[in-house]
Amino acid sequence: MPQTLLALLDERLRSATQLAFGADVELPAPLVLPTRDPKHGDYSCAAALSLAKALKQPPMAIAERLAAMAGLEDLCEPPVVTPPGFVNFRLRREWLAVRVAEGDLVAAPTPTPEIAVVDYSSPNLAKEMHVGHLRSTIIGDSLANVLAALGHQVHRVNHVGDWGAQFGMLLAHLEEIRSGENLGIRDVEAFYREANERDKSDEAFHELARRRVVELQAGDVAARAAWAELVDLTKRSNQVVYDALGVGGLEDVGESFYQPMLDEVVADLEHQGLCVEDQGAKVAFVDGFTNRDGDPLPLIIQNRHGGYGYAVTDLAALRYRAVELGAKQVLYVVDAGQSQHLQMVFSVARKAGWIAPGVTVRHVAFGLVLGEDGKRLRTRSGDNVKLAELLGEAVDRARQFVVNRAEERSEAPPDDLDEVARVIGVGAVKYADLSQNRQSNYVFSFDRMLSLKGNTAPYLQYAYARIRSILREAAKGQPPVDLAVALDDDAELALAKTLVATADAVARVFDEDEPNHLCAHLYEVAQVFSRFYEACPVLRSDEPTRSSRLALCDATAGVLRDGLALLGIDVLERL
RNA sequence: GCCCUCGUAGCUCAGCGGAUAGAGCACCGCCCUCCGGAGGCGGUGGCGCAGGUUCGAGUCCUGCCGAGGGCGCCA
């Protein structure tokens, strides 16, 4: 698909408008939008209303002129002008039929592929991944999928927390228990806690930890080797979670990677006068940020002990991405609590000239995961919920769901029950997150996300499986007589219109960094299909209707499968 | 105290400055005994409050109220 439908309509109408009213008229963007009420057609243009003042003409006259010049005869029925100045378009059945038969409905490649960095997931090493990493990982993965599908070159960067003062105590602790037994993956969390407690209570230990940090930063071979061991250990622990999630393709480029660049980054800032001495520390002041006393709030570049904080690492990372990787888009899929910090980092990087004017750097912020009590999701003891456990419960519940369902239908559960349970359970978790507005907090509920009713992953997965079942059944009988699609019934027409709008939903995910628009669209696809299925017999109908309807089923299945894939959700041939 | 985000139906949420604000769950009615019942059709019910901008505001701006988060040397 060379272009989304909206882009095509917009482009045609834009040039028509400029032909009619001159190239210098200011046109609203977008020029065309889907209508909310089908009685107004499929798409409409309200430009006449906003042009009325500038052109000093009545909106209806402008609308008439626009309708006459639209130049959309191949796509649409003759446009209809309605008061106070809308131009309404209805897609032609013939065009829709051809378009659906062509396939390739999910993504329209961008004419200008760019290098993009999506920074997401970002676990802290020496700790197990917990629910705080869930949204970043899921949303980041989906946005990266969408960017890639549009033809951009995507770096999926895992900015792992693998550096910092805490590694001193971890190394010291590692030495002490080295004599004991080797570390198991499950011990990572306990290991961190133990080290932390000793660091607080034991002065000699604390001193040792401090020495180890210095050695590590100086590149001491032994310290470095022990550090690498810890890094490797926790990466293996995290890999279990990524495998369960079905999230791959991440490049680990952690904080340690940028350490060799920090001196240069700070020197550059100082050279440009962006960094000043304040209360013994080196800081960068950023316009518009104040602390609780109303004084200017600095970004701490170097603390009073001469150490670099994470702000410098973030600056170095951004500089590296924009300057070395040549990224034209840098997305930070990071919780909303980091908003102020990131805005400050972006601002300093811009001032330093590391971000060229055409480069966009965006904080894709998201809210908290809440329990059903409306409070931050935590275990009873107040700890963060481990991701491995959360996913485990989702899969267990999904398995139970599948088993129960098979029982109700007096069938044997599927042979690949574990895989089915994983696909459903993990899909439910992902979809529940992605289908909501990422800015707000969201309430985590296994019962809701695993329901077969409503806007859930299992609903969509079931819709897919059922369509595949029809197609399998069809394959046993007569081969299709004709690959053409006919859209005689209103339900067929409605389905075709929805399918053809898919690439626009995906485009919108890209434009706004909001996967929920694709979720809403896929749900609509499933609903419209349901109406079609109710109204239009497929296998029982006569040729050539049967073949045409099978083609619609096939196109719908393809849209569901590929759309869910962009969300990082798998489908199953059978549930 | 300042900054950010959010506030839409009983509940969970959509809603790209455009026409009569939409789904799902729950509740009420009707229809379908189907190609795998995710049923289909209809009904009840809502934009926190007050101003402003605009031909047009749930959407933009200001103030207030409420919830959450953040606010100098941890990351």
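Below, chains carry the letters A, B, ... as their sequence lines are ordered, and counting in each starts from 1.
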**Message:** Taking the six-membered ring for Trp, are Tyr258(A) and His159(A) closer than 6.0 Å centroid to centroid?
**Reply:** yes

**Message:** Centroid separation under 6.0 Å, is that true for the rings of Tyr120(A) and Tyr332(A)?
**Reply:** no

Sugar-phosphate only, base, or nothing, as touched by [X] at under 4.0 Å among non-hydrogen atoms:
X         : value
Tyr533(A) : base
Asn88(A)  : base
Pro537(A) : base
Arg438(A) : nothing
Leu539(A) : base

**Item:** Straight-line distance of His173(A) NE2 to Phe167(A) CZ, nearest 0.5 Å
**Value:**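 The distance works out to 14.0 Å.
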
**Asked** Which whole-number value in Å describes the distance from Tyr43(A) OH to G18(B) C1'?
**Response**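 From Tyr43(A) OH to G18(B) C1': 17 Å.
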
**Request:** Using a 4.0 Å cut-off on protein heavy atoms (strictly under), produce a 5'-to-3' string for nucleotides 70-75 of chain B with B for base contact, S for backbone-only sugar-phosphate contact, and - for none.
**Result:** SBBB-B

**Request:** State whether Phe21(A) and Arg65(A) meet the cation-pi test: NZ (Lys) or CZ (Arg) under 6.0 Å from the six-membered ring centroid, and within 45° of the perpendicular axis.
**Result:** yes

**Prompt:** How does RNA chain B read in dot-bracket, base by base from 5' to 3', with Watson-Crick or G-U pairs under 3.5 Å and | used when the partner is on another strand?
**Reply:** (((((((..((((....[...)))).(((((.......)))))....(((((..]....))))))))))))....

**Message:** Regarding G15(B), can its base be found pairing with the side chain of Arg508(A) as donor and acceptor, where the two atoms are less than 3.5 Å apart?
**Reply:** no

**Prompt:** Pro30(A) side chain: which of G69(B), G40(B), C16(B) is closest?
**Reply:**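 Comparing G69(B), G40(B), C16(B) against the side chain of Pro30(A), the answer is C16(B).
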
